[in-house]
Number of protein chains: 2
Amino acid sequence: MEDGTSRSPGNCADTGAVDGEFDVLNWDAREDCEVRQILDRIADKWSLLAIALLDRRPLRFTELRRAIDGISQRMLARTLRHLERDGLVSRTVHPTVPPRVDYELTTLGATLHETIKSLVVWTEDHQREIAEARTAYDRRIAQEQEQAAREAAERDAIARAVLTGER
Amino acid sequence: MEDGTSRSPGNCADTGAVDGEFDVLNWDAREDCEVRQILDRIADKWSLLAIALLDRRPLRFTELRRAIDGISQRMLARTLRHLERDGLVSRTVHPTVPPRVDYELTTLGATLHETIKSLVVWTEDHQREIAEARTAYDRRIAQEQEQAAREAAERDAIARAVLTGER
DNA sequence: CAGTATCCATAAAGATACTG
DNA sequence: CAGTATCTTTATGGATACTG
């Protein structure tokens with residue numbers, strides 16, 4: 001069996017009313033902070049997709065597996081157990097033959113989905129901008145490398161010329 | 001040098017106006033979908049924190065390193081390059097001695113921060129609920145295991161009794 | 001069907017050392 | 001200071017076998 005988050009409890013949001021300016025660099029500073037742990041969990045690649053998909057209707061294990069392209073059986077099981085443990089997803093076993101297990105968002109999970117959705121919507125809205133930024137960046141890097149190569153070649157040529165002259 | 005996202009372009013949001021019900025399981029189904037790739041990037045553990053921290057003011061490399069507890073130099077450099085490539089963060093080199101490099105959110109990055117913030121706020125708001133859910137889950141699992149152990153012991157006892165009787 | 005358990009190959013993250 | 005290069009460790013994914 002694999003373990004989940006069994007490290008130190010480490011709650012860090014108990015700083016009370018401190019200086020607002022310094023709080024900035026402190027709000028989720030410590031790694032063992034509970035908020036950081038939760039964020040790591042829900043901002044996870046697979047968790048995000050699972051929650052997004054479960055919003056519409058309950059889904060079975062295999063339905064999720066098919067819907068989330070690229071996830072392994074192991075990772076899906078793991079992700080679902082984590083989400084269940086955090087109270088975001090409920091697992092319902094129907095005592096039928098063959099067995100049927102439905103996963104669905106809890107009330108808590110549904111509230112999370114709202115913010116997740118805004119993230120997805122943002123991504124869709126700015127997809128093109130990001131693609132353009134990437135293209136521009138890659139082009140710039142390529143140009144810089146070419147430039148560096150040219151300069152290196154030039155230095156080489158000068159060095160060779162000097163050596164030839166000295167000879 | 002490490003490469004970034006250089007796989008197939010794979011845009012999948014071009015399905016136009018299809019059946020809304022089926023679109024659900026298709027909206028980010030394919031792994032090489034551009035939206036999926038962007039989500040994986042921005043929903044990343046470190047990216048999230050970097051963007052959250054950069055919202056307040058520009059920060060230097062080392063400031064970020066100190067502010068994001070637990071991040072390695074390598075991962076910070078990597079994360080920042082990714083964010084820069086995606087046009088979310090700008091990198092400004094000041095030609096001073098010692099060198100000074102400022103990172104700050106771009107306009108695009110600032111819009112993303114809005115949704116990231118809602119995620120962080122959600123986490124803070126529901127931190128306690130999640131903690132309770134975890135405790136309840138862990139307790140339930142422990143009880144189930146105890147129960148299973150008891151049943152196994154009982155079966156053992158019965159089996160032994162039968163064997164004794166047969167003997 | 002819905003998993004868990006295990007072994008293995010690979011990829012990502014971490015630690016460390018070194019450079020402009 | 002702001003990184004890159006390199007090596008090590010850990011996490012993840014794939015395949016397979018096995019339960020209830």
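Every chain is numbered from 1 and lettered A, B, ... according to where its sequence line falls, protein lines coming before strand lines.
Straight-line distance from the CE atom of Met75(B) to the P atom of dT6(D): 18 Å, rounded to whole Å. Following rounding to the nearest Å, Tyr103(B) (OH) and dC1(D) (P) show an atom-to-atom distance of 14 Å. For the pair Trp46(B) CH2 and dA12(C) P, the computed distance is 16 Å after rounding to whole Å. Whole-Å rounding puts the Ile71(A) CD1 to dG13(D) C1' distance at 11 Å. For the pair Arg78(A) CZ and dG13(D) P, the interatomic distance rounds to 9 Å; values are reported in whole Å. Between Asp102(A) atom CG and dG3(C) atom C1' the separation is 15 Å, expressed in whole Å. If you take CD of Gln73(A) and C1' of dC1(C), they are 10 Å apart, rounded to a whole angstrom. For Leu76(B) and dA2(D), the CG to C1' distance is 10 Å, given to the nearest whole Å.
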For a salt bridge (Lys or Arg N to Asp or Glu O under 4.0 Å) check, start with the C-alpha distance between Asp102(A) and Arg60(A), then their side-chain angles and the critical distance, and finish with the verdict.
CA-CA 5 Å; Asp102(A) 278 326; Arg60(A) 305 172 61 174; 5.2 Å; no
Would you sort out whether Phe61(A) and Leu80(A) count as a side chain to side chain contact (heavy atoms under 4.5 Å, CB included), showing the intermediate values?
CA-CA 9 Å; Phe61(A) 187 88; Leu80(A) 288 173; 3.9 Å; yes
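Contact check, Arg74(A) against dT12(D): no side-chain N or O comes under 4.0 Å of OP1 or OP2. Between Arg91(A) and dG3(C), a side-chain N or O to OP1/OP2 separation shorter than 4.0 Å is present. At dA2(C), none of the side-chain N or O atoms of Arg100(A) fall inside 4.0 Å of OP1 or OP2 (strictly under the cut-off).
With distances taken from any side-chain atom of Phe61(B) to the nucleotides dA2(D), dA2(C), dG13(D), the minimum falls on dA2(D). For Pro99(A), whose side chain is taken as the heavy atoms from C-beta onward, the closest listed nucleotide among dA2(C), dG20(C), dT4(D) is dA2(C). The side chain of Thr62(A) lies closest to dC1(C), out of dA2(D), dT4(D), dC1(C).
Heavy atoms of Arg65(A) sit nowhere under 4.0 angstrom from any nucleic acid atom.
At least one donor-acceptor pair under 3.5 Å links the side chain of Ser47(B) to the backbone N or O of Arg41(B). With hydrogens and angles disregarded, a donor-acceptor distance shorter than 3.5 Å links the side chain of Thr135(A) to the backbone of Ala131(A). Between the side chain of Arg150(B) and the backbone N or O of Gln145(B), no donor-acceptor pair lies under 3.5 Å. Not a single donor-acceptor pair under 3.5 Å links the side chain of Asp86(A) to the backbone N or O of Leu88(A).
When base pairs are accepted only as Watson-Crick or G-U wobble with both N-N or N-O distances under 3.5 Å, DNA chain D takes part in stems of 3 or more pairs at C:1-20 with D:1-20.
Atom CZ of Arg140(A) has more than 12 heavy atoms from other residues, nucleotides or ligands within 6.0 Å.
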